[in-house]
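Just so you know, ligand 1 is whichever comes first in the structure, and atom 1 is the first atom listed for that ligand.
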Amino acid sequence: MNIPVLTIDGPSGAGKGTVSRAVAKKLGWHYLDSGSIYRSLAISALDKQVDLLDEAAVAEVAKNMQLAFECDDELVVKLDGIDITARLPTEETGASASKVAAYPAVRKVLLQKQKDFRQLPGLVADGRDMGTVVFSDADFKVYLTASAKERGDRRFKQLKEKGIDANLDKITQEIMLRDRRDSERKTAPLMPAEDAFYLDSSDISIAEVINQVMILTE
Ligand code: C5P
């Protein structure tokens with residue numbers, strides 16, 4: 001039986017998380033935030049004092065980590081039984097995630113963990129390679145982007161709202177650096193799937209983006 005999937009890929013700060021969560025809620029589908037898996041891996045490796053430059057050692061951490069996503073009002077992520085939700089959104093975690101995410105051995109270990117999220121009645125999957133690799137047979141694919149300036153502004157506001165100290169210029173620069181690393185890597189680089197619906201959200205509201213994505217799934 002085909003379990004429907006909607007993939008939403010794109011660079012950081014394009015609004016993928018907000019859009020994916022809203023659309024998943026409207027459709028009554030499950031939601032996969034694949035970035036949080038790479039973020040959790042980075043946290044686990046750093047806590048275990050594993051050298052992030054050691055691909056085999058990081059892949060071993062990926063194999064052994066126990067991740068649980070618990071959805072109450074807000075998403076709670078537990079790593080080996082410990083709540084790490086508050087540590088996930090920082091740009092430092094994002095930068096480390098982007099380093100470990102470049103390793104083919106790591107991506108291989110995490111592939112099945114992500115595929116397991118495909119459950120009835122359907123899945124909205126948010127990431128970089130959801131439509132190109134993990135769910136290349138997805139029924140609906142979106143590539144959501146926005147200008148670097150706009151994405152920097154949004155990310156800055158998001159972090160402030162979460163009470164995380166941030167500097168706008170630094171955030172924008174870090175985002176651009178992370179995008180470059182994610183786009184230039186050899187394995188599963190950030191790029192639109194050939195059959196993806198390309199959406200630039202720089203000049204349209206998130207509500208309008210949600211609307212357009214909903215129309216796509218009709
Ligand atoms: O989406 P988010 O900012 O949480 O992702 C953190 C990092 O995880 C990204 O910069 C990227 O390097 C990596 N990632 C990935 N593939 C995905 C999702 C995230 O490589 N599907």
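- In this structure, Lys157 does not pair ionically with Asp153, as no charged nitrogen and carboxylate oxygen lie closer than 4.0 Å.
- You'll find the ring centres of Phe197 and Phe140 outside the 6.0 Å limit.
- Residue contacts with ligand 1 for Arg155 are absent, since no atom lies close enough (heavy atoms, distance under 4.0 Å).
- A donor-acceptor contact under 3.5 angstrom links the side chains of Asp182 and Ser98, judged on distance only.
- The protein atom (non-hydrogen) at minimum distance from atom 8 (O) of ligand 1 is Tyr38 CB, 3.5 Å.
- Summary of contacts: the protein heavy atom closest to atom 6 (C) of ligand 1 is Arg178 NH1, 3.4 Å.
- For atom 16 (N) of ligand 1, the choice among Gln114, Met130, Arg107 with the nearest heavy atom turns out to be Arg107.
- Of all atoms in ligand 1, listed by their number and element, those nearer than 4.0 Å to a heavy atom of Ser98 are 10 (O), 12 (O).
- Using a 30° and 60° split on the angle between ring planes, Phe117 and Phe69 fall in the perpendicular class, above 60°.
- Contacts with ligand 1 closer than 4.0 Å are made by heavy atoms of both the backbone and the side chain of Asp129.
- Side-chain atoms of Asp139 and Asn2 include a donor-acceptor pair closer than 3.5 Å.
- Less than 4.0 angstrom separates some heavy atom of Asp182 from each of these atoms of ligand 1: 9 (C), 10 (O), 11 (C), 12 (O).
- Scanning all protein heavy atoms for the shortest distance to atom 19 (C) of ligand 1 gives Gly35 CA, 3.6 Å.
- Between the side chains of Arg107 and Tyr38, at least one donor N or O sits under 3.5 Å from an acceptor N or O.
- Against a heavy-atom cut-off of under 4.0 Å, Gly127 is close to the following atoms of ligand 1: 18 (C), 21 (N).
- Side-chain atoms of Ser12 and Arg154 include no donor-acceptor pair closer than 3.5 Å.
- Among protein heavy atoms, atom 4 (O) of ligand 1 sits closest to Arg39 NE, 2.6 Å.
- The backbone N or O of Ala146 sits less than 3.5 Å from a side-chain atom of Arg151, completing a donor-acceptor pair.
- Counting atoms of ligand 1 from 1 in the listed order, those under 4.0 Å from a heavy atom of Ala101 are 12 (O), 13 (C), 20 (O).
- Taking atom 17 (C) of ligand 1 as the reference point, the nearest protein heavy-atom neighbour is Arg128 N, 3.4 Å.
- For the pair Arg185 and ligand 1, a heavy-atom separation below 4.0 Å is found.
- The single protein non-hydrogen atom nearest to atom 18 (C) of ligand 1 is Ser34 OG, 3.4 Å, given as residue, atom name and distance.
- In the displayed structure, Lys170 atom NZ is contacted under 6.0 Å by at most 12 heavy atoms of other residues, nucleotides or ligands.
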